[in-house]
Chemist: 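Pasting a structure below so you can have a look.
Basis for what follows: all heavy atoms, side chains included, without hydrogens, waters or symmetry-related copies. Only a predicted model underlies this, so the values are computations on that prediction, with no experimental measurement involved.
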Amino acid sequence: MRAFAAIFIKDILIEMRLRQVAPTMLVLAVVLVAVFGFFLEPAGREQAGQLSLAVIWLAVTFAALLAAERAFAAERESRTLSALLAAPMAPAVLLIAKCAFVLLLLIAVQALVAPLTLVFFRQTLAGPPHWLLLAALLGDVALALVATASAAMVAEARTRGPLLSVIALPLLVPVLLVVTQLFAELGAYGFSPRAAALTGVLAMFDVAFFAAAALLFPHIMEP
Amino acid sequence: MNGRKYRLIMLVALIVTIALLAVAAYWSLHRSPPAEDYGQAVRLLYIHIPSAMNTFVGFLVAAIASAVYLARRNEPADRLARSAVLTALVMATIMLVTGMIFARIAWSQWWDFRSPKLMTSLLMWLLLVGYFLLRNGLPQGNRRRRVAAAYCLLASVVVPLVYFSNRIIGTDIHQRSTTFDHADMTMALRLSMLAISAAHAWLLVFLYRLRRPRQ
């Protein structure tokens, strides 16, 4: 727990001092929302509800990939990754700490981008607030886990950024589909049996990704 | 197994596989009648269904070999995983192409993003391509092998989840299962299954052996 807290707080302090990732994530997300808006506006009001949810989650996904890529790239560039791996702690602690950092940035960006997108698309977020929050949190956890594990995989690749998108997006598409459907369902019918099933699937994704990432991370990071 | 013996076995296996493919082609194109609902397009299913099944088999072999590699770190397991991903990619490409042509004829549309089976197939194809891009993007060495094995296992976790989640989300244009009401149609499918599986196995062994390190 102390190792986790030390890495997590270190990343937050570095980010607060250098502001390397968060501003870029936010601007990227806003740019994506604006670009999607330009092309999707002619689609009409009927489809705007579903489209705005997709736009929010796609913008957040790309922001998460950016944050995860920087989380490991910064350690590599400052040559601290090998020191972290040599520290007396389980390698999974490093994954969880990095993942928590990405999750924190993700939630912050989402909190700013989601209302902006809804305003742009002239939509309101309907549904029981606590279920919407739970759905968003489950979706964010899955995004952060896959983005962080994938970023660890491509940390030594020559073309990290594009490669990260190529390997992470097919893994994330099902999560994005489920979470946008869940938001649409909660907005239309409240907490229905289908919403319960979708929440269960999302939780299953989180558990499966966490278990797989925790088991595979030591192998990925082994020098 | 020495080189000469291996080459002889592979040659015999290749001749048997080609003979099986020829018999399957004869049964599929000549003996099998057109289907009542899909007409001549049913002949595409004799390639599509076996290639879909072989894609899953290839993926499964790759996942098991990757797990073995991570547990034991032996080079042959990594080589088997890489070969299995490549053969699965070939099978998945055949499955997607034949499936799209069949969909255009039978359902008047090339693709439907709401179908769980179609979505699973496309994502599986993307994951298989991603495996090679990841592998080629990393510097040579043991780390590349470990990362590729880890990605293969992570992808194999996703595939069943994708199918399961899409069944809740999607409305499937794709039929749940395919049954044929004519004996020659069933026989054509069985022969195609046998022939395409034999071709898949032959290709897998060939690639596995081809990539062995030189002494």
Chemist: Could you check which of Val175(A), Leu215(A), Leu216(A) has the highest count of heavy-atom pairs closer than 4.5 Å to chain B?
Modeler: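 Ranked by contacts with chain B, first place is Leu216(A).
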Chemist: Tell me, side chain or backbone of Ala211(A) under 4.5 Å from chain B's heavy atoms, or both, or neither?
Modeler: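 For Ala211(A), there is no contact with chain B at all, as no heavy atom is under 4.5 Å.
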Chemist: Using the rule given for side chain to side chain contact (heavy atoms under 4.5 Å, CB included), can you reason through Val129(B) versus Val166(A), listing the C-alpha separation, both sets of side-chain angles and the distance that settles it, and then say yes or no?
Modeler: CA-CA 9 Å; Val129(B) 172; Val166(A) 166; 5.8 Å; no
Chemist: Rounded to the nearest 0.5 Å, what separates atom CD1 in Ile167(A) from atom CG in Leu154(B)?
Modeler: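 The distance works out to 8.5 Å.
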Chemist: Name the residue from Val147(B), Leu138(B), Leu134(B) that meets the side-chain contact (heavy atoms from CB on, under 4.5 Å) definition with Val154(A).
Modeler: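 The residue from Val147(B), Leu138(B), Leu134(B) that satisfies side-chain contact (heavy atoms from CB on, under 4.5 Å) with Val154(A) turns out to be Leu134(B).
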Chemist: Between CE of Met153(A) and CZ of Arg135(B), what distance do you get to the nearest 0.5 Å?
Modeler: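 CZ of Arg135(B) is found 13.0 Å from CE of Met153(A).
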Chemist: Quick one: pull up CG in Leu127(B) and CG in Leu169(A) and give me the separation to the nearest 0.5 Å.
Modeler: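 Nearest 0.5 Å value for the CG-CG distance: 11.0 Å.
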Chemist: Counting only non-hydrogen atoms closer than 4.5 Å, does Arg73(B) touch chain A with its backbone (N, CA, C, O), its side chain (CB onward), both, or neither?
Modeler: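 Only the side chain of Arg73(B) comes within 4.5 Å of chain A.
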Chemist: Mind listing the closest non-hydrogen atom pair of Leu123(B) and Pro170(A) along with its distance?
Modeler: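 Closest approach of Leu123(B) to Pro170(A), heavy atoms only: CD2-O, 3.5 Å.
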Chemist: Over all heavy atoms of both residues, which pair between Pro174(A) and Val158(B) is shortest? Give the atoms and the distance, please.
Modeler: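 The answer is CG-CG1, 4.1 Å.
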Chemist: Given heavy-atom pairs under 4.5 angstrom as the criterion, report whether the side chain, backbone, both or neither of Asn142(B) touches chain A.
Modeler: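 Interface part for Asn142(B): neither.
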Chemist: For chain B, find which of Glu185(A), Arg160(A), Met204(A), Met221(A) contributes the most heavy-atom pairs closer than 4.5 angstrom.
Modeler: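 Sorted descending by pairs with chain B, the first entry is Met204(A).
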Chemist: Answer yes or no: does atom CZ of Phe4(A) have more than 12 heavy-atom neighbours from other residues, nucleotides or ligands under 6.0 Å?
Modeler: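 Enclosed: over 12 neighbouring heavy atoms sit under 6.0 Å from CZ of Phe4(A).
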Chemist: Need one label for Leu171(A): side chain, backbone, both or neither, based on atoms under 4.5 Å from any heavy atom in chain B.
Modeler: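 Both backbone and side chain.
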Chemist: Write down the atom of Ala212(A), the atom of Val157(B), and the distance for their closest heavy-atom approach.
Modeler: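 That closest heavy-atom pairing would be CB-CG2, 4.2 Å.
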